[in-house]
There are 2 protein chains.
Amino acid sequence: MDATDRRIIEALQQNSRMTMKELGELVHLTGQATATRVKKLEDLGIIEGYTIRINEERIGLPIHAMITIYTTSTFHDPYLLFLKEHRQYVRHNYKVSGDGCYLLECRFPTNQELNAFLDGLSKYVNYKLSLVIDQNTQ
Amino acid sequence: MDATDRRIIEALQQNSRMTMKELGELVHLTGQATATRVKKLEDLGIIEGYTIRINEERIGLPIHAMITIYTTSTFHDPYLLFLKEHRQYVRHNYKVSGDGCYLLECRFPTNQELNAFLDGLSKYVNYKLSLVIDQNTQ
DNA sequence: GTTCACTCCTTTCATCATTCAAGTAAATCG
DNA sequence: CGATTTACTTGAATGATGAAAGGAGTGAAC
């Protein structure tokens with residue numbers, strides 16, 4: 001991991017579909033040398049994969065919820081199974097120290113579906129709901 | 001947005017560097033027809049960009065913090081300016097309803113840097129810190 | 001029923017990127 | 001000093017892309 005690798009990662013974060021030749025021009029290497037470095041970053045597990053940024057509002061998922069989960073029981077499996085069954089809504093489930101046991105990030109198409117999800121959720125855990133009003137990603 | 005577009009989006013979420021020809025085989029179209037559809041999804045703003053999934057632990061950012069921000073003042077600009085000055089740590093700054101005004105997601109290399117960040121932060125807002133212990137992304 | 005316009009797709013071909021093998025140069029190590 | 005490793009370049013073959021031309025299906029107007 002040198003300065004060139006860091007520039008490669010930065011460039012791929014901006015646009016992961018750029019050709020190895022273009023990327024090579026940015027870091028002053030040939031396309032082949034660049035491809036070898038990228039392959040190494042993949043093998044080291046630094047680059048975990050290639051994906052797209054999606055506008056979830058535009059595909060009908062306008063509701064963005066952050067749910068702090070409080071479990072009274074020490075047995076979390078029913079909650080985790082519930083998440084698996086509703087994985088279509090779940091973006092992240094962070095196990096956290098501090099306030100609550102988990103911080104659950106979800107997306108919903110409607111308030112009705114959010115409501116139904118929360119009804120199901122309340123069978124397993126207590127929760128506190130926050131709705132995202134505006135998103136400022138770096 | 002039909003079923004084919006949804007399959008294209010799913011496939012690109014898994015691997016955004018796949019060729020249009022490969023993607024076309026998945027959705028039973030030629031590479032050219034697939035490329036046209038992808039271009040349309042970009043123009044509609046549904047696909048916002050192409051990026052990489054990074055293992056931040058492996059690039060020296062093991063500390064993952066979720067910070068709930070409480071502002072007493074109605075004037076948020078000093079806080080937002082502080083974030084801009086420390087944007088290297090900031091991943092997301094969600095404006096939320098519910099508990100707090102913002103939910104701030106950050107990454108730090110060391111507890112020392114987290115501590116310095118929190119010292120700076122406390123000049124502008126009150127906060128509650130949660131540290132991510134484990135991450136379960138869908 | 002016919003025509004026109006439109007959308008969505010395929011085929012073909014020229015251009016460009018990628019990949020493999022071979023070779024060079026510098027650094028490391030016994 | 002010679003052998004090995006690492007990181008890179010070059011050149012040729014393969015494969016992907018993008019532009020142009022054309023075909024098939026749909027719906028509207030007459």
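In the text below, chain A, chain B and the rest are named by the order of the sequence lines, each starting its count at 1.
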Quiz item: Hydrophobic clusters join Ile, Leu, Val, Met, Phe, Trp and Tyr when side-chain heavy atoms are under 4.5 Å apart, directly or via other members; which others share one with A:Leu81?
Solution: none
Quiz prompt | Listed once per pair and sorted, the ring-ring contact (aromatic ring centres under 6.0 Å, His included) pairs that draw on residues 26-68 of chain B, sequence neighbours left out | solution = A:Tyr94-B:His64
Practice problem: Can you run down the ring-ring contact (aromatic ring centres under 6.0 Å, His included) pairs that involve residues 100-119 of chain A, sequence neighbours left out, and say none if there aren't any? | Solution: A:His76-A:Tyr102, A:Tyr79-A:Tyr102, A:Phe82-A:Phe117, A:His86-A:Phe117, A:Tyr89-A:Phe108, A:Tyr89-A:Phe117, A:Phe108-A:Phe117
Exercise. Taking heavy atoms of chain A and a 4.0 Å limit, find me the 5'-most and 3'-most nucleotide of DNA chain D within that range.
Key: D:dA7 to D:dT17
Once side-chain hydrogen bond (donor to acceptor under 3.5 Å, both in side chains) is applied, do any residues pair with [X], and if so which ones, sequence neighbours excluded?
X        : value
B:Asn55  : A:Glu48
B:Asp134 : none
A:Gln14  : none
A:Asp77  : none

Quiz prompt | Heavy-atom pair of closest approach, residues A:Gly100 and A:Thr68 | solution = CA-CG2, 4.1 Å
Quiz item: Of the residues in residues 8-18 of chain A, which ones touch DNA chain C at a heavy-atom distance under 4.0 Å?
Solution: none
Quiz item: First and last nucleotide of DNA chain C touching chain A, 5' to 3', heavy-atom cut-off 4.0 Å?
Solution: C:dA17 to C:dC20
Quiz item: Stepwise, does the side chain to side chain donor-acceptor pair (under 3.5 Å) test hold for B:Ser16 with A:Ser16?
Solution: CA-CA 7 Å; B:Ser16 68; A:Ser16 67; 3.2 Å; yes
Quiz item: Does B:Glu10 have any side-chain contact (heavy atoms from CB on, under 4.5 Å) partners at least two apart in sequence or in another chain, and if so, which?
Solution: none
Quiz item: If you look at every strand shown and take non-hydrogen atoms under 4.0 Å, does A:Lys40 touch a base, only sugar-phosphate, or nothing?
Solution: sugar-phosphate
Exercise. Strictly below 4.0 Å, heavy-atom distances to any atom of DNA chain D: list the hits from residues 19-36 of chain A, or just say none.
Key: A:Leu29, A:Thr30, A:Gln32, A:Ala33
